[in-house]
Asks: 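Here it is, the structure in full.
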Amino acid sequence: MDYGSNAISVSRHSRGRRRSPWKRVLLWAAIVVIVLILGVILFLQAKTYSPLEEALAALDSDGSVQVSELKHGYRFEPGEGKELLSPNIIFYPGGLVKPESYAPLARRLAEAGHRVYIASMPFNLALTAQDRADEYIAEHPEESYVIGGHSLGGAFAARYAAENPDKLAGIFFMGAYADDGADLSGSKLAALQITGTLDAVLNKETWEQSKKNLPAEQTEYVSIEGGNHGGFGTYGKQSGDNDATITASEQADEVAAAINAWLSKLQK
């Protein structure tokens, strides 16, 4: 009898049995990771702000504005036959706010003559696709661009601008600031800071300290009386915010007017 062969066979079988518990551990670990990831995704979806009906209505094309859905966002352009003004505008939405919520503002800016891009971000967080602006600039690389954003979107628009100052003419902020990871103080970019007097979400102390990161002689400040944080978009009141004393439409009017006035100076 070949006892040696049997011994080898038994030995291999024993090693296989010793490994099997580890396989089960790895399987359960993978299941736990998948469940956690799904849980985070569901949590983020539950916390995400959706556009109101008037924001969705602003996505419709008409004679004054042509709206196109892109792979990652939306493009708003002046209607056929209307003059296209420089620069183009790239906009990063606030954290956990769907991009469609900013359609009313984009429409107003397009009606004034500018091509406007609203970025769509994975999980509605600008930190997941900071360089999204490159996609829009690639459409018309010979043209001029400014970038801006609301809240978290403004912070990551600033980081993009700090890394790509030669691609831009300016940056604007809506209830947002340039943190220490986006020092623009030495750049030649023009900057516009727009805040609402009733914004309770923006950290005013941090916002004040962050002024050092902006071009001192090329930054303008505009305050919207009665405006709040959520009013920079059209998605309703944001958690922790004050009640606005003006409507979202009125705030959009004032924000658009401030941006248009600022852009008109860049055209000169």
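Just so it is clear, the values below take in all heavy atoms, side chains as well, and ignore hydrogens, waters and symmetry mates.
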Asks: Same hydrophobic cluster for Tyr221 and Phe173, using side-chain heavy-atom links shorter than 4.5 Å among ILVMFWY?
Replies: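 Yes.
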Asks: Are Val201 and Leu105 linked, directly or through other ILVMFWY residues, by side chains that come within less than 4.5 angstrom of each other?
Replies: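 Val201 does not cluster with Leu105.
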Asks: Check for a donor-acceptor pair, side chain of Thr128 on one end and backbone N or O of Pro122 on the other, with a separation under 3.5 Å.
Replies: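 Checking the backbone N and O of Pro122 against the side chain of Thr128, a donor-acceptor pair under 3.5 Å is found.
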Asks: Please step through side-chain contact (heavy atoms from CB on, under 4.5 Å) for the pair Phe76 and Leu59, ending with a clear verdict.
Replies: CA-CA 9 Å; Phe76 292 71; Leu59 292 169; 3.8 Å; yes
Asks: Return yes if some donor-acceptor pair links the side-chain N/O of Asp241 with the main-chain N/O of Lys237 below 3.5 Å, else return no.
Replies: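 Looks like no, no N/O pair under 3.5 Å.
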Asks: Starting from the C-alpha separation in whole Å, work towards a yes-or-no answer on side-chain hydrogen bond (donor to acceptor under 3.5 Å, both in side chains) for Arg115 and Ser86.
Replies: CA-CA 8 Å; Arg115 181 186 291 117; Ser86 179; over 6 Å; no
Asks: Salt-bridged, Arg75 to Glu139, with N to O below 4.0 Å?
Replies: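 Yes.
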Asks: Determine the minimum heavy-atom distance between Leu198 and Ala244, stating which atoms define it.
Replies: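 Taking every non-hydrogen atom into account, CD1-CA, 4.1 Å.
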Asks: Indicate yes or no: at least one non-hydrogen side-chain atom of Ile118 is less than 4.5 angstrom from one of Glu100.
Replies: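 Not touching, per the 4.5 Å side-chain cut-off.
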Asks: Does the side-chain contact (heavy atoms from CB on, under 4.5 Å) test come out yes or no for Ile89 and Leu263, once each step is laid out?
Replies: CA-CA 10 Å; Ile89 302 169; Leu263 292 178; 3.6 Å; yes
Asks: Give, for atom OH of Tyr145 and atom CG of Asn88, the distance between the pair rounded to the nearest 0.5 Å.
Replies: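 The distance works out to 4.5 Å.
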Asks: Treating Ile, Leu, Val, Met, Phe, Trp and Tyr as nodes and any side-chain heavy-atom pair under 4.5 angstrom as an edge, say whether Val222 and Ile259 lie in one connected cluster.
Replies: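 In one cluster: yes.
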Asks: Listed by chain and number, what are the side-chain hydrogen bond (donor to acceptor under 3.5 Å, both in side chains) partners of Asn203, not counting sequence neighbours?
Replies: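 Applying side-chain hydrogen bond (donor to acceptor under 3.5 Å, both in side chains) to Asn203 gives Thr206.
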Asks: Assess whether side-chain contact (heavy atoms from CB on, under 4.5 Å) is satisfied between Thr219 and Leu192, documenting all intermediate values.
Replies: CA-CA 6 Å; Thr219 301; Leu192 173 66; over 6 Å; no
Asks: Measuring centre to centre across the rings, with the benzene-like ring taken for any Trp, is Phe91 within less than 6.0 Å of Tyr117?
Replies: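 No, ring centres 6.0 Å or more apart.
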Asks: Which pair of non-hydrogen atoms, one from Ala178 and one from Leu214, has the smallest distance, and what is that distance?
Replies: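 Taking every non-hydrogen atom into account, CB-CD2, 4.0 Å.
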Asks: Indicate yes or no: does Lys82 engage Glu111 in a salt bridge with an N to O separation below 4.0 Å.
Replies: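 Looking at Lys82 and Glu111, the cut-off is not met.
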Asks: Short question: side chain of Tyr177, backbone of Ser151 - any donor-acceptor pair under 3.5 Å?
Replies: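 Not at all, since once roles are kept as given, no pair shorter than 3.5 Å links the two residues.
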Asks: Decide yes or no for Asp253 and Arg108: does some side-chain heavy atom of the first lie under 4.5 Å from some side-chain heavy atom of the second?
Replies: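 The answer is yes, as the side chains (C-beta and beyond) meet within the 4.5 Å cut-off.
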Asks: Where is the tightest heavy-atom contact between Pro51 and Ala55, given as atom of each residue plus distance?
Replies: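 Between these two residues, the closest heavy atoms are CB-CB, 3.7 Å.
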Asks: For Ser61 and Val67, indicate whether the former's side chain and the latter's backbone hold a donor-acceptor pair under 3.5 Å.
Replies: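 At least one qualifying donor-acceptor pair exists.
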Asks: Are the side chain of Glu250 and the backbone N or O of Thr247 linked by a donor-acceptor pair below 3.5 Å?
Replies: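 Looks like yes, one N/O pair under 3.5 Å.
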Asks: Do Asp62 and Arg107 have side chains that approach each other closer than 4.5 Å (heavy atoms only, starting at C-beta)?
Replies: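 Asp62 vs Arg107: side chains touch.
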Asks: Return the NZ to OG distance between Lys71 and Ser120, rounded to the nearest 0.5 Å.
Replies: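 So the gap between those two atoms works out to 11.5 Å.
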Asks: Does Glu142 CD have over 12 foreign heavy atoms under 6.0 Å away?
Replies: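 Yes - once you tally the heavy atoms of other residues, nucleotides and ligands closer than 6.0 Å, there are more than 12.
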Asks: Flag the pair Leu184 / Ile171 as yes when at least one side-chain heavy-atom distance between them is below 4.5 Å, and no otherwise.
Replies: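 In short, these two side chains touch, coming nearer than 4.5 Å.
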Asks: For the pair Arg159 (side chain) and Ala155 (backbone), establish whether a donor and an acceptor sit closer than 3.5 Å, ignoring hydrogens and angles.
Replies: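 Answer holds: no.
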Asks: Quick one: CG on Leu84 to NE2 on His114, what's the gap to the nearest 0.5 Å?
Replies: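 If we round to the nearest 0.5 Å, Leu84:CG and His114:NE2 are 8.5 Å apart.
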Asks: CG of Asp179 to OG of Ser210: how many Å apart, nearest 0.5 Å?
Replies: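 So the gap between those two atoms works out to 8.5 Å.
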Asks: Taking all heavy atoms of Ala161 and all of Leu189, pick out the closest pair and write down the distance.
Replies: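 Distance-wise, the nearest heavy atoms are CB-CD1, 4.0 Å.
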Asks: Describe, in one word, how the ring planes of His229 and His150 are oriented to each other, choosing from parallel (under 30°), tilted (30 to 60°) and perpendicular (over 60°).
Replies: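 Ring orientation of His229 relative to His150: tilted.
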Asks: Provide the closest heavy-atom pair for Ile194 versus Ala258 in the form atom of the first, atom of the second, distance.
Replies: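 Smallest heavy-atom distance, with atoms named: CD1-CB, 4.1 Å.
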Asks: Can you tell me how far the NZ atom of Lys211 sits from the CD atom of Glu208, to the nearest 0.5 Å?
Replies: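 That separation rounds to 3.5 Å.
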Asks: To check you understand the geometry: which heavy-atom pair defines the closest contact between Tyr92 and Asp131, and what is its length?
Replies: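 Smallest heavy-atom distance, with atoms named: OH-C, 3.9 Å.
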Asks: Within the structure provided, determine whether Ile147 and Tyr160 are in side-chain contact (heavy-atom separation under 4.5 Å).
Replies: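 Yes, their side chains come closer than 4.5 Å.
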Asks: How are the rings of Tyr235 and Tyr49 set to each other: parallel, tilted or perpendicular (split at 30° and 60°)?
Replies: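 Geometry flag for Tyr49 against Tyr235: tilted rings.
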Asks: At what distance, to the nearest 0.5 angstrom, does CD of Gln218 lie from OG of Ser185?
Replies: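 Rounded to the nearest 0.5 Å, the CD-OG separation comes to 10.5 Å.
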Asks: Within the side chain of Asn242, is there an N or O that forms a donor-acceptor pair under 3.5 Å with the backbone of Asp199?
Replies: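 No, because the side chain of Asn242 does not come within donor-acceptor range (under 3.5 Å) of the backbone of Asp199.
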Asks: List the steps and the verdict of side-chain contact (heavy atoms from CB on, under 4.5 Å) for Glu220 and Lys265.
Replies: CA-CA 11 Å; Glu220 296 184 25; Lys265 298 173 185 177; 3.1 Å; yes
Asks: Do Lys167 and Asp134 sit within salt-bridge range, that is, some charged N less than 4.0 Å from a carboxylate O?
Replies: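 A salt bridge is present here (some side-chain N lies under 4.0 Å from a carboxylate O).
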Asks: Are Tyr102 and Leu56 connected in the hydrophobic side-chain network, where two residues link if heavy atoms are under 4.5 Å apart?
Replies: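 Same hydrophobic cluster.
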Asks: Asn228 side chain to Gly231 main-chain N or O, any donor-acceptor pair under 3.5 Å?
Replies: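 Side chain of Asn228 to backbone of Gly231, a donor-acceptor pair under 3.5 Å: yes, one is there.
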Asks: Does some side-chain heavy atom of Glu77 sit less than 4.5 Å from a side-chain heavy atom of Val65?
Replies: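 SC-SC contact between Val65 and Glu77 ruled out.
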Asks: Report yes if some heavy atom in the side chain of Met121 is under 4.5 Å from a heavy atom in the side chain of Arg132; otherwise report no.
Replies: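 In contact.
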Asks: Look only at the side chain of Asn213 and the backbone of Ala182, and say whether a donor-acceptor pair between them is shorter than 3.5 Å.
Replies: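 Side chain of Asn213 to backbone of Ala182: no pair is present.
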Asks: Determine whether a donor-acceptor pair (N or O, by modelled atom type, separation under 3.5 Å) exists between the side chain of Gln193 and the backbone of Ala176.
Replies: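 Confirmed, Gln193 side chain pairs with Ala176 backbone.
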Asks: Check whether any side-chain heavy atom of Leu152 sits under 4.5 Å from a side-chain heavy atom of Leu127, and report yes or no.
Replies: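 In short, these two side chains touch, coming nearer than 4.5 Å.
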Asks: Does atom NZ of Lys188 have more than 12 heavy-atom neighbours, drawn from other residues, nucleotides or ligands, at distances under 6.0 Å?
Replies: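 It does not: Lys188 NZ has 12 such atoms or fewer within range.
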